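Working notes, beginning with the structure itself.
Sequence lines set the chain letters: A, B, ... in the order given, protein chains first and strands last, and positions in each chain run from 1. None of the values given here were measured: they were computed from a predicted structure.
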Amino acid sequence: MFKKDITPGAKSKVKSSVQRAIRTKITETYPLLAPHIDEIIPKKSQLDSLKLPDRVTLYALDSHPLFYQHMDDPITPHLRTVHQFPAAFPRIRIDRGAIRFVLSGATLMAPGLTSAGGRLPSGTNATTDKDDGEEEGEEEKRYGGRDLEEGEVVVVEAEGKEEACMIGQLRVGTREIKEKKKGVVIDAGHYLGDGLWRIELD
Amino acid sequence: MASEIGATDAASSEPQARHVIYCGVCSLPPEYCEFGGTAKKCKDWLEKNHPDLHEKLYSEEAVAATLSTLSLEAQKRAAKDSQKKEAKAAAAEAKAAETKAQAQILIKRVERNKRKYVTAVSGLEAHGMDLKKVAKEWGKKFATGSSVTKTASGGEEVVVQGDNSDEIFDWVVDVAGVPEANVDCIEDKKKKGA
């Protein structure tokens, strides 16, 4: 979605009532972020909203992009926000081979997640074959047990890396990914080094 | 133990945000520098600015660990790809430097009305200046109106009210650091027309 460099449109201040609505929306969408919401968007702060191409709205605080929203899709954190609170979002992991494609803006495909280096939520009762035994406890916690649904926003981490490299909306549920092991998982996401990442506000 | 930490976390108002160091060259987190196309420069930057992190990311075992997870063929492909990317980035940089060396800044004194002039400056964007910011700064410096205007040829230029061409020339050379040879002052007399 943000492959090209973005020139932000007009900046306007968000009404405080709208800002409150945004805050509740964010805490609803990402319940784990709720304890930190005051740190990301302090109550008395003045959010700015910027219009980006393709009907994307970007919310920024003091020239730091925080969240973006494409039309009425779920509001999505900027990757810098994700890096600050990585534990607050559902996460999946891709294998090392997929990183370079993701960072050049390719759509994320299922094999990058189902191979040995990838991680998906284990599913409540389902047993997964790819989990290596020794790390299971920690892995389980990190990537969660709940299968994620289509349309949920997930953070994509990478094998051997600490920070997240992409964020986007799932095109298919994680259960289906595991079953089919084929096809598009996330398209039009926000990834490291894309236009939104490099956007400069002032 | 874990719950204890959780409880104190919720109670305290201490900032919880992690502070991630971003590479000064490619702006990515340093562990992703190898994919950015300027890997060599990023490495040097990191060594200079965050030696501990450099040690962690580029130590021999770390490199070996990352390599062992990929098949040989995939490794080769990745290496080839990154090489290509690097070459591309280097070429782009060289080209940018060249255009910058050639780009002329034109300071034009335009007569508005007998003894009233405006100064139009074009070509600033090629030297990496933000027109809006420059206009604002000049407006403050010269205490006059100063704005970014679209030109007939499709570009944009900064128009400063009043004849400030000499001062602007000095500013461009001294403050912005543009070589004197790249700055041109001309006078553009408006033709008297109906």
>> Please classify the contact of B:Lys132 with chain A as side chain, backbone, both or neither, using a heavy-atom distance under 4.5 Å.
In response: neither
>> Looking at chain B, which one of A:Arg198, A:Glu162, A:His83 has the largest number of heavy-atom pairs inside 4.5 Å, strictly under?
In response: A:His83
> Highest number of heavy-atom pairs under 4.5 Å with chain B: which of A:Gly193, A:Ser104, A:Ala164?
Replying inline: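 Going by pairs under 4.5 Å, I would pick A:Ala164.
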> Distance-only, no hydrogens or angles: does the A:Lys161 side chain make a donor-acceptor pair with backbone N or O of B:Tyr32 under 3.5 Å?
Replying inline: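 Looks like no, no N/O pair under 3.5 Å.
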> If only atom types and distance count, is the side chain of B:Glu31 paired as donor or acceptor with the main-chain N or O of A:Glu163 below 3.5 Å?
Replying inline: yes
> More than 12 non-hydrogen atoms from neighbouring residues, nucleotides or ligands closer than 6.0 Å to CD on B:Gln83, yes or no?
Replying inline: no
> So with a 6.0 Å cut-off around CD of A:Glu149, is the heavy-atom count from everything else above 12?
Replying inline: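 No.
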>> Taking side chain as everything from C-beta outward and backbone as N, CA, C, O, which of these in A:His36 sits under 4.5 Å from a heavy atom of chain B? Side chain, backbone, both or neither.
In response: side chain
>> What part of A:Ala88 gets within 4.5 angstrom of chain B, counting heavy atoms only: side chain, backbone, both, or neither?
In response: neither
>> Could you tell me if A:Arg80 sits above the aromatic ring of B:Tyr22, with its cationic atom closer than 6.0 Å to the ring centre and no more than 45 degrees from the axis?
In response: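 Yes, A:Arg80 lies over the aromatic ring of B:Tyr22.
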